[in-house]
Amino acid sequence: MAQSAGSGVHAASLDATAARARPASRPPNWYARVAAGLVLVFGGLVLCGWLFRVPALIRPHPALVVMKANAALGFVLLGMVVWLLADPWAPIDSWRARAARALSLVAAMIGLATFVEYALGLDLRIDEVLAIDRWAPRQTGAAGRMALNSAACLFLSGVAAFVIWTPLRRRYWISQALAALVWFAALVTLVGYAYQVEVLYRVGAVTSMAQLAAALFLVTSIATLGSRPDEGFVGALTRGGPGSYMFRRQLPPIIFLPLVLGWIRLWGEEQGFYPTRVGTLILALSLVFVFVLMAWQSAVSMNRADEKRRRAERAHALLAEAGKVVGASLNLDETLQRVTNAAVPAFADWCLIHVVNEHDVAVLRAFAASRESERELLRDLAAEPGETNPRSAIREAIRSGRPLLVREVTPEHLQHVLGHPALGRILDQLSPRSLVLAPIFVEGTATAAMMFGMGASGRCFDDGDVAIAEELASRAAIAIHNASLFRKTNEAVRERDETLAVISHDLRNPLGAILLSANLLKRAAGDVRQQELVRARVDVILRSGERMNNMIEDLLSVSKLDAGRLGLNPLTVCGPEVVDAAVETMRPWALKKNVSLVVDIRTSDFRIECDQDRLERVLTNLLGNAIKFSPTGAVVIVGVEDEGVEELLFSVSDRGPGIPAEDQGHVFERFWQAPETAQSGTGLGLAIAKGIVEAHGGRIWVESEVGRGATFRFTVPKPARRSHAA
């Protein structure tokens, strides 16, 4: 006995653990709620009729059998239990479970006590506790006693509901088996009343289950069966699979159609419409027709399911093949061509991929077709200008980012929807029957589109094909993204090689000067007459070393900008100090070229929060460029003015040759140099200046006209703005 109790406790703990592991957000069983409401309403009305002596509630029609008071009480209890059953994951140790067990146990005991009275011929004096039965002589063998089959069904219903809330391992199977017995008994009773066969609803001479009781037992048994739809033998019928789906589809007509047809056959015979043989023949033929119709519906459903399965398998194979070709090459055109080849003819008769270039033109980059004649037409299309019509289907798919399905192509689609004259003309020759367009997203933006067409095969696309088209488009997006990364990698390698070449060239000159000066110093050592030569060579060595150090500093600054580690040491400083320091640093070089440096300050509020050393670096880089490109005797102006309450505007203006408009967008790029000034520096000065200004929260730009010089402007936030932003 102790071992058994221990097993029960262990099972209870396992059940509680499983209940806690299940999703608490699962919705309640709404059928159980509705069923509980029906049982409570009708059972409660009858019980109130007995308690308050309202005959209309007890027996609303003379043809109906009276439901006894104890049976009505049992249905009220079962209704409350069914309501509690609506929570599928309530733990067995919760108040809900304890209440359900108590109510179902009381209902079962009422049914069991009545059954014992019939079986042993006893009178336990429970039949008229609630009310006196005035219909007893005509309806039952004992006053107020419910029918024997009603007592059995009430007992089985109570036990079925009770078992669900116990820790028994097979509780769901036991509960559903008992509920199925109740369902069958209630159905037999209702059929007996419908067919007027007393043996089906009456046990003994005068004992009959009430029609309402049979209906309520039917409702409660179905609610019990469906309270745990994923468990027991009901779970085998509700889980996925064609067999379960077919069973659920055919079960209602299998149960009710023969009963309805049989009742119609009997009613027609009673009315004298046909003799017994003819009625039997009509019933047999009706059943044959119904079952043939059900078999046909089953075949259609299975064929549809099989077609969906095969389509899913083809789609899986197609997408797997497309996934393989995406990683086979990093060349964009080659990969896109492979993607279109994978789509034809497995998914479409022909396929196009249009990519929007930097000029906002949708260019045909890849195509494939199942027939040679179609391929020739698409080659002609590839030779045409790109798509620019904003109303075309291709541009609309790219702009909206949504796929487009044209189930049946009409001339209006070719003329108005597609828009592009060449595309419309060539597609007209392809005789498309159905089209699908899917946008291609690269880094979250639609920049291309795939067009799939059906023509010679006679097939048409549907909604399921749209999902496949979007998946193929996502594979093409991966190809475009990989090709873009590959191109950027190659550009980075090329920039690295160019950097090495530039640095090697620029370092060689000062290094040569250092070596030459060092050799001359060695020869002049000890000769007092060579002091001037020694001093001049030392100056050369210092300037060359400083130049090499600046180049190295430029490379380090670029590396810090790339890594996001350009640290700032912001201090509130006076602007003129920064400008004066930069001007004095560059003045010797300006004097050497006979260039005048002028400072033009047009504001009194000239305190800024910045990293003074780095801001001087920006000004010296800009001044160095201005001096380098200014002619002899020119003037370079360093200006500062108030740009409102939030920032100050710095500018460096020269009267050099100016920068062409087409080159102004490149001046801040690394290593970029105008063709006429190539190899005159590292090409990093302006890029570093841009990085420093943006790190301070400012902006930098250039204004220039050819032959009229250039002005570089940048802004630096004032302390008030920076503290407010912080």
Side-chain angles (χ1 to χ4, degrees), residues 31 34-35 38 63-65 147 149-150 152-153 156-157 176-203 208-226 229 232-309:
Y31 172 77
V34 175
L38 291 174
L64 296 179
V65 177
N149 45 1
S150 296
C153 288
L156 294 177
S157 298
Q176 291 172 8
L178 297 176
L181 288 176
V182 175
W183 175 85
F184 182 76
L187 180 64
V188 168
T189 299
L190 291 176
V191 171
Y193 279 112
Y195 281 75
Q196 298 180 4
V197 179
E198 292 186 358
V199 70
L200 296 181
Y201 59 83
R202 176 174 295 175
V203 179
S208 301
M209 181 188 295
Q211 296 94 330
L212 179 58
L216 295 182
F217 277 128
L218 199 66
V219 172
T220 55
S221 62
I222 295 176
T224 305
L225 286 170
F233 65 82
V234 174
L237 305 178
T238 58
R239 298 188 185 101
S244 299
Y245 171 77
M246 202 62 59
F247 180 84
R248 295 192 302 270
R249 185 184 182 90
Q250 293 184 352
L251 183 61
I254 287 176
I255 294 174
F256 295 108
L257 276 177
L259 297 177
V260 173
L261 292 175
W263 182 85
I264 294 174
R265 179 255 181 190
L266 287 177
W267 178 80
E269 184 176 340
E270 291 175 353
Q271 298 298 320
F273 295 150
Y274 41 75
T276 302
R277 290 181 178 272
V278 175
T280 304
L281 177 61
I282 293 175
L283 176 61
L285 292 177
S286 300
L287 291 175
V288 169
F289 174 77
V290 168
F291 288 129
V292 168
L293 180 61
M294 292 174 56
W296 175 79
Q297 289 181 336
S298 300
V300 171
S301 299
M302 293 185 69
N303 287 337
R304 289 176 179 172
D306 185 65
E307 178 61 27
K308 289 182 180 179
R309 178 188 59 80

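The figures here come from the full heavy-atom set of this structure, side chains too, leaving out hydrogens, waters and symmetry mates.
- Residues Val188 and Asn149 form no side-chain contact, since every pair of their non-hydrogen atoms from C-beta on lies 4.5 Å or further apart.
- The shortest side-chain heavy-atom distance between Leu287 and Leu261 falls under the 4.5 Å cut-off.
- Considering all non-hydrogen atoms of both residues, Arg202 and Ser208 come closest at NE-OG, 2.9 Å.
- To the nearest 0.5 Å, the span separating CG on Leu212 from CG on Leu190 amounts to 10.0 Å.
- Distance check, rounded to the nearest 0.5 Å: CG of Leu187 to CG of Leu200 gives 10.0 Å.
- Between Trp267 and Phe273, the angle of the ring planes goes over 60°, which puts this pair in the perpendicular group of the 30/60° scheme.
- Side-chain atoms of Gln211 come within 3.5 Å of backbone N or O of Val65 as a donor-acceptor pair.
- Identified under the salt bridge (Lys or Arg N to Asp or Glu O under 4.0 Å) test for residues 263-288, with sequence neighbours left out: Arg265-Glu269.
- For the atom pair CG (Leu178) and SG (Cys153), the distance works out to 11.5 Å, reported to the nearest 0.5 Å.
- A donor-acceptor distance shorter than 3.5 angstrom exists from the side chain of Tyr195 to the backbone of Trp263, with no hydrogens or angles considered.
- Note that the OG1 atom of Thr276 and the CG atom of Leu281 stand 12.5 Å from one another [nearest 0.5 Å].
- Closest approach of Leu218 and Ala186 over heavy atoms only: N-CB, 3.8 Å.
- Taking each heavy atom of Ala214 and Thr189 in turn, the nearest pair found is CB-CG2, 3.7 Å.
- Contact annotation: the side chain of Tyr31 approaches that of Ile222 to within less than 4.5 Å [non-hydrogen atoms, C-beta and beyond].
- Residue Tyr274 places its OH atom among more than 12 non-hydrogen atoms of other residues, nucleotides or ligands, all under 6.0 Å distant.
- Looking at heavy atoms from C-beta onward, Thr224 lies out of side-chain contact with Val182 at the 4.5 angstrom threshold.
- With rounding to the nearest 0.5 Å, the separation of CE in Met294 from CZ in Phe289 is 12.5 Å.
- Summarising the geometry, atom CD1 belonging to Ile254 is positioned 12.0 Å from atom CG belonging to Leu259; distances are rounded to the nearest 0.5 Å.
- Between Val219 and Ala35, the closest heavy-atom pair is CG1-CB, 3.5 Å.
- Closest approach of Phe217 to Ser157, counting heavy atoms only: CD2-OG, 3.9 Å.
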